[in-house]
Amino acid sequence: MRIASWNVNSIKAHLGAVTSWLKEREPDVVCLQELKCVDEAFPRTEIEDLGYNVAVHGQKTYNGVAILSKNPIDEAKPRLPGDEDDAHARYIEATISTTDGAVRVASIYLPNGNPIGTDKFKYKLAWMDRLAAHARELLAQEEPLVLAGDFNVIPTPLDAEFPDKWTDDALFQPESRAKLRELVSLGFTDALRAVHDGKGLYTFWDYQAGAFQKNNGIRIDHLLLSPKAADRLQSVGIDKKVRAAEKPSDHVPIFADLRFATR
DNA sequence: ATGGCTGAAGCATTCAGA
């Protein structure tokens, strides 16, 4: 089973890139972030025509997350528990059934948190606390679980081409990194780092100043695997080349192949 | 030292992103 995550930076603006990539990469499950549209405006038909079931938690202009799955989506739940008053559409979770058992998947768009020293940064840290609390509950169920999304945290200096440029940024604050470590330490495996060492593996390049041409990137899109998902991990990839296309999203897809007898 | 670009909303310019 191939599970992918991609911050598409507006599903309407980049639908062509998404459908081309779906056809080429053939993921079984896809977690999308930054849809920037309400549920009714999501291009459901275009995605369903490629063989996917769709669960959307949208929002006008900002945020918005979705889960696409070739296997049936049994249950989809928007929002983290306790976030009923949060207007931001940043989380949707679904259970996907396969002939080889169920897997639970969450599509996560963690707050950016810039600039530091503001309520936006406090909101980011509080959101991370709520995510960790929920993740702890999910882990207790001891099922295959994948937390997939744009976590807006650079885990370590290895995950930025120029880490010194990010010292004043919310994505690289010690508090942000500590909270990501606390989440992972509940029992998750960072899928990419389980398979690949070293520098130069990025999922985001700014649109400005030729960042992609300079490979001035950061790794902020992550796939966190519960123990029963990590046991099945075969390989992980980053589709860097989609960033070089015309009018790309500023993020690229990351995907993991798990040993699941699907379809 | 700073900003650079992109998308949405909406029609000039602001907000947000990271």
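Chain letters run A, B, ... following the sequence lines, proteins first and then strands; every chain starts at 1.
Closest to the K214(A) side chain, of the nucleotides dG7(B), dG17(B), dG4(B), is dG4(B). If you check dG4(B), dA18(B), dA9(B) against the side chain of Q208(A), the one that comes closest is dG4(B). Set against dA18(B), dA8(B), dG7(B), the side chain of N152(A) has dA18(B) as its closest nucleotide. Of the candidates dG17(B), dA18(B), dC15(B), dC15(B) carries the atom nearest the Y62(A) side chain, counting heavy atoms from C-beta on. Side-chain proximity of K120(A) to dA18(B), dA16(B), dA9(B): nearest is dA16(B).
Base engagement by N112(A) is indicated by at least one non-hydrogen atom pair under 4.0 Å involving a base atom. At a threshold of 4.0 angstrom between heavy atoms, the contacts of D150(A) are confined to the sugar-phosphate backbone, with no base atom among them. Nucleic acid contact for Y109(A): sugar-phosphate only, since backbone atoms but no base atoms lie under 4.0 Å from a heavy atom of the residue. Among the protein residues, H251(A) comes within range of the sugar-phosphate backbone only, with heavy atoms under 4.0 Å from sugar or phosphate atoms but none that close to a base. Here N7(A) lies in heavy-atom contact (under 4.0 Å) with sugar-phosphate atoms only. Residue contacts for R90(A): at a heavy-atom cut-off of 4.0 Å it reaches the sugar-phosphate backbone alone, with no base atom in range.
For P111(A) and H14(A), each mapped to the nucleotide of DNA chain B holding its nearest heavy atom, the one lying further toward the 5' end belongs to H14(A). When each of S10(A) and I220(A) is assigned the nucleotide of DNA chain B with its nearest heavy atom, S10(A) is the one assigned upstream, toward the 5' end.
Residues S107(A) and Q33(A) have side chains that bring a donor and an acceptor to within less than 3.5 angstrom of each other. One side chain, E93(A) or H134(A), offers a donor N or O that lies under 3.5 Å from an acceptor on the other.
As rounded to the nearest Å, dT2(B) and dT13(B) have P atoms that lie 25 Å from one another. The same atom, P, is picked in dC11(B) and in dA1(B); the two are 40 Å apart, to the nearest Å. dA8(B) and dA18(B) have their P atoms separated by 14 Å, given to the nearest Å. Atom name P, nucleotides dA12(B) and dG3(B): the rounded distance is 26 Å, in whole Å. Atom P of dT6(B) sits at a distance of 22 Å from the matching atom of dG10(B), rounded to the whole Å.
Side-chain N or O atoms of Y123(A) include none that pairs as donor or acceptor with a backbone N or O of P111(A) at under 3.5 Å. With hydrogens and angles ignored, the 3.5 Å screen pairs a side-chain donor or acceptor of K124(A) with a backbone N or O of N152(A). Side-chain atoms of R232(A) come within 3.5 Å of backbone atoms of R259(A) as a donor-acceptor pair (strictly under, hydrogens ignored).
One can place CD of Q213(A) at 17 Å from P of dG4(B), the figure rounded to the nearest angstrom. Between Q173(A) atom CD and dA18(B) atom P the separation is 16 Å, expressed in whole Å. Between the C1' atom of dA18(B) and the CZ atom of F212(A) lies a distance of 17 Å, rounded to the nearest Å. Taking atom CZ of F162(A) as the reference point, atom C1' of dA18(B) lies 16 Å away to the nearest angstrom. Taking atom CH2 of residue W166(A) and atom P of nucleotide dA18(B), one finds them 10 Å apart after rounding to whole Å. As rounded to whole Å, 15 Å separates atom P of dT2(B) from atom CG of D169(A). What separates CD of Q59(A) from P of dG17(B) is a distance of 10 Å, to the nearest Å. In this structure, the CG atom of L15(A) is 17 Å from the C1' atom of dA8(B), given to the nearest Å.
Considering only side-chain N and O atoms, K247(A) lies nowhere under 4.0 angstrom from the phosphate OP1 or OP2 of dC5(B). A sub-4.0 Å separation between OP1 or OP2 of dA8(B) and a side-chain N or O of K60(A) is absent.
Salt bridge annotation for R2(A)-D28(A): absent, with no cationic side-chain nitrogen under 4.0 angstrom from a carboxylate oxygen. Between D119(A) and K122(A) there is a salt bridge, with a side-chain nitrogen of the basic residue lying less than 4.0 Å from a carboxylate oxygen of the acidic one.
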